[in-house]
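This report refers to the structure that appears directly beneath it.
No experiment lies behind these values; they were computed from the predicted model shown. Counting starts at 1 for both ligands and their atoms, following the listed order.
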Amino acid sequence: MKKVLVLPGDGIGHEIVAEALRVLDVVKGRFGLAIETDSALVGGSAIDATGVPLPEETLTKAKEADAILLGAVGGPKWDDLDMAIRPEKGLLGLRSNLQLFANLRPAILYPQLADASSLKPEIVSGLDILIVRELTGGIYFGQPRGIRTLESGEREGFNTYVYSESEIERIGRVAFEAARKRGGRLCSVDKHNVLEVTVLWREIMDTLAPEYPDVELSHMYVDNAAMQLVRAPRQFDVMVTGNMFGDILSDCAAMLTGSIGMLPSASLDANNKGMYEPVHGSAPDIAGQDLANPLATILSVAMMLRYSLNEATAADAIEAAVSAVLDAGIRTGDIWSEGCEKVGTRGMGDAVVAALADV
Ligand code: IPM
Ligand code: MG
């Protein structure tokens, strides 16, 4: 029996996870999957109940699970809290405690949604990028960090951007392997012209390259990469970068596809245990109104089945069902366009469940 820990989190997290679990139930029955689920608190809801964003019980359950499905964390209610106990710390604590260093963020344009992109259809049609983001190091976790008062009385904020050779090598290998299974092209994104840490980053990527002769490695500065993503995004196959650059570029890539509400992500450790979550956030402004798009979370379940639970057939079925729903013109508000049928969160879950019967 495989164990999945479900962490709905905050905001729209509850609604979207509920639909994803209905879909998981259907594929469990259909494919006879031995998967049991348990749930726990993380983020703001954990702060409200226990005072901390990542309670010990949640971390223990997460360590015992084979995979974790997370909704989203955060919201204005907790924005004024001290950094150390903000909801985001729950997410970051899970990533670092479980050593989920490899964050895979696909940005795929569903042909049915070509009009939803803010870019011209001819620029984004056929878009299929995978961003491999390092997730447990870099400036997000580097020490020292803080806000200190100088002798002059002025305060100064500081963080440390640091990567060790082994951290760069392990994320590099994930990216080369991913590129090998896809289009065979890997673009490593850095700021080699300014930051020493990325001089080392580039050097390690170059050192790995001869081991992957079937992958064509290129390098790009992060500012140029941001520009190229909106200028000619189809030039990219796999991109690999550090934690903060990856955070920024993955939002940018996500939006090329028309809706951040469509994109799942996986955060994996060295053994493919993973945490799966939509790329979007907790959207507190629309929480509880049956408006959120549950497809990114439903597609996160597919990724979970594929990467951590070894159930590729069930994953394929979910992805095919989502595609069928889009073919049928069923849309939540974020991806809706003239002539389509507008549904809510629950309605979208219903549609995917119904479509699963036919795929
Ligand atoms: C993401 C988010 C998180 C991050 C936040 C919520 C801490 O933006 O997963 O991209 O910065 O990593
Ligand atoms: Mg982000």
Polar proximity ligand 1 side, Tyr140 side, N/O cut 3.5 Å exclusive
yes
Atom 1 (C) of ligand 1: of Glu277, Lys89, Arg105, the nearest heavy atom sits on Arg105
Here the pair of heavy atoms bringing Tyr140 nearest to Arg145 is O-NH1, 2.6 Å
Closest non-hydrogen atoms of Thr136 and Arg170, given as atom of the first, atom of the second and distance, are OG1-NH2, 3.4 Å
Result, protein N, O or S atoms below 2.8 Å from the Mg ion (ligand 2), excl. waters, equals 1
Charged N to carboxylate O below 4.0 Å: is that the case for Glu169 and Arg173?
yes
Q.
Please confirm whether Arg86 approaches ligand 1 to less than 4.0 Å, judged on its heavy atoms.
A. no
Within the 4.0 Å heavy-atom cut-off, what Met244 brings close to ligand 1 is neither
For atom 10 (O) of ligand 1, the closest protein heavy atom turns out to be Asp247 OD1, 2.8 Å
Tell me which donor-acceptor pairs under 3.5 Å the side chains of residues 346-359 have, and how far apart each pair is, sequence neighbours excluded?
unit_1: Asp350; atom_1: OD1; unit_2: Arg22; atom_2: NH1; d: 3.2
unit_1: Asp350; atom_1: OD1; unit_2: Arg22; atom_2: NH2; d: 2.6

All heavy atoms of Thr345 vs all of Asp290, minimum pair found to be N-OD1, 3.0 Å
Practice problem: Please say whether the positively charged group of Arg180, taken as NZ for Lys or CZ for Arg, lies over the ring of Tyr212, i.e. under 6.0 angstrom from the six-membered ring centre and within 45 degrees of the axis. | Solution: no
Check your understanding: Just by distance, with hydrogens left out, do Gln112 and Ser323 show a side-chain donor and acceptor under 3.5 Å apart?
Key -> yes
- Task: Compute whether any side-chain donor of one residue and acceptor of the other, for Ser45 and Asp10, lie under 3.5 angstrom apart.
- Result: yes
Minimal heavy-atom distance between Ser300 and Pro278, with the atoms involved, is OG-N, 3.5 Å
Report task. Report yes or no: does a heavy atom of Arg95 sit under 4.0 Å from some atom of ligand 1? Result -> yes
Under a single-linkage definition using a 4.5 Å side-chain heavy-atom cutoff for Ile, Leu, Val, Met, Phe, Trp and Tyr, are Val174 and Val215 assigned to the same hydrophobic cluster? yes
When only distance counts, is Glu88 in polar contact with ligand 1, meaning an N/O pair under 3.5 Å? no
Quick note on ligand 1: atoms under 4.0 Å from a heavy atom of Arg133 include exactly 1 (C), 4 (C), 9 (O), 10 (O), 11 (O), 12 (O)
